[in-house]
J.: 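Dropping the structure in here first, questions after.
As the structure lists them, so they are numbered: ligands from 1, and atoms in each ligand from 1.
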Amino acid sequence: MSEMAEKVLVVEDEADILTGLEVALGREGYQVTTAQDGEEGLKKAAETAPDVIILDVMLPGMDGYEVCSALRERGIRTPVIMLTAKTAEDDRVRGLDTGADDYVVKPFSMRELIARVRAVWRRRAEKEARIHQFSFGNVKVDFDRQTVSKKGKTIALSSYETWVLRLLVSMRGEAVSRQTILARVWGYDFAADTRTIDNHVVQLRQKIEDDPHHPKHILTAHGKGYKFVQ
Ligand code: CA
């Protein structure tokens, strides 16, 4: 399996379900990390920068709602799919209110859950693909033409610079890990490493920032990666 497979963190205290999810997701090519309670889930979410989190609501100690709120408070915007045994409308609303992206009611089929995981990815990719132009400060980016206009001057972007910038813009306000950038921009067959990303960010800053050494738009999120702010 590729080291850069999409990473899923599963937080679930029931061993049978946890193992079932680990096996089923692993078979689909996902790299799976597990946690058996909320505290451990939070820790692993910060450490492993997963692409998707599957979070059970009923957990010992912190419950799934609390974990989801804590993730969002810490600025971790990773899509969360909640597993709930409850079918009451209130519980679903509460899950979505705490920042979850989707929920699956137990008992669920593995096929359904995997379809939800894929759907989360698809929505992100679609959101990204819809961005054709974007303006901020005195900069206008045309992603289709791969150009940046700044103070009346048009500067060409390389394809990789365009893709990195589009990914960061589509996830603006969120820290995007270098691993995510590698997986999403370079894909799974690449000879690139995280240094390559840093070099592209340096180039992008020179093209879009007023002062590339004191960037205001492409920020370094220490220990996390990069974050675009408007
Ligand atoms: Ca549980």
J.: Taking distance alone, no hydrogens or angles, what donor-acceptor pairs closer than 3.5 Å link side-chain atoms of residues 11-18 to residues at least two apart or in another chain?
T.:
from: Glu12; atom 1: OE1; to: Glu14; atom 2: N; distance (Å): 3.0
from: Glu12; atom 1: OE2; to: Lys106; atom 2: NZ; distance (Å): 2.9
from: Glu14; atom 1: OE2; to: Lys106; atom 2: NZ; distance (Å): 3.1

J.: Is it true that the side chains of Asp51 and Tyr30 contain a donor and an acceptor less than 3.5 Å apart?
T.: no
J.: Quick one: do the Lys150 and Asn138 side chains pair a donor with an acceptor below 3.5 Å?
T.: yes
J.: Using the test ring-ring contact (aromatic ring centres under 6.0 Å, His included), find all partners of His200 that sit at least two apart in sequence or belong to another chain.
T.: Tyr160, Trp186
J.: When you measure from the Ca ion (ligand 1) to each N, O or S atom of Glu14, which atom gives the shortest distance?
T.: OE2
J.: Quick check: of its N, O or S atoms, which one does Asp56 have closest to the Ca ion (ligand 1)?
T.: OD2
J.: Looking at Asp13, pick out the N, O or S atom nearest to the Ca ion (ligand 1) and give its name.
T.: OD1
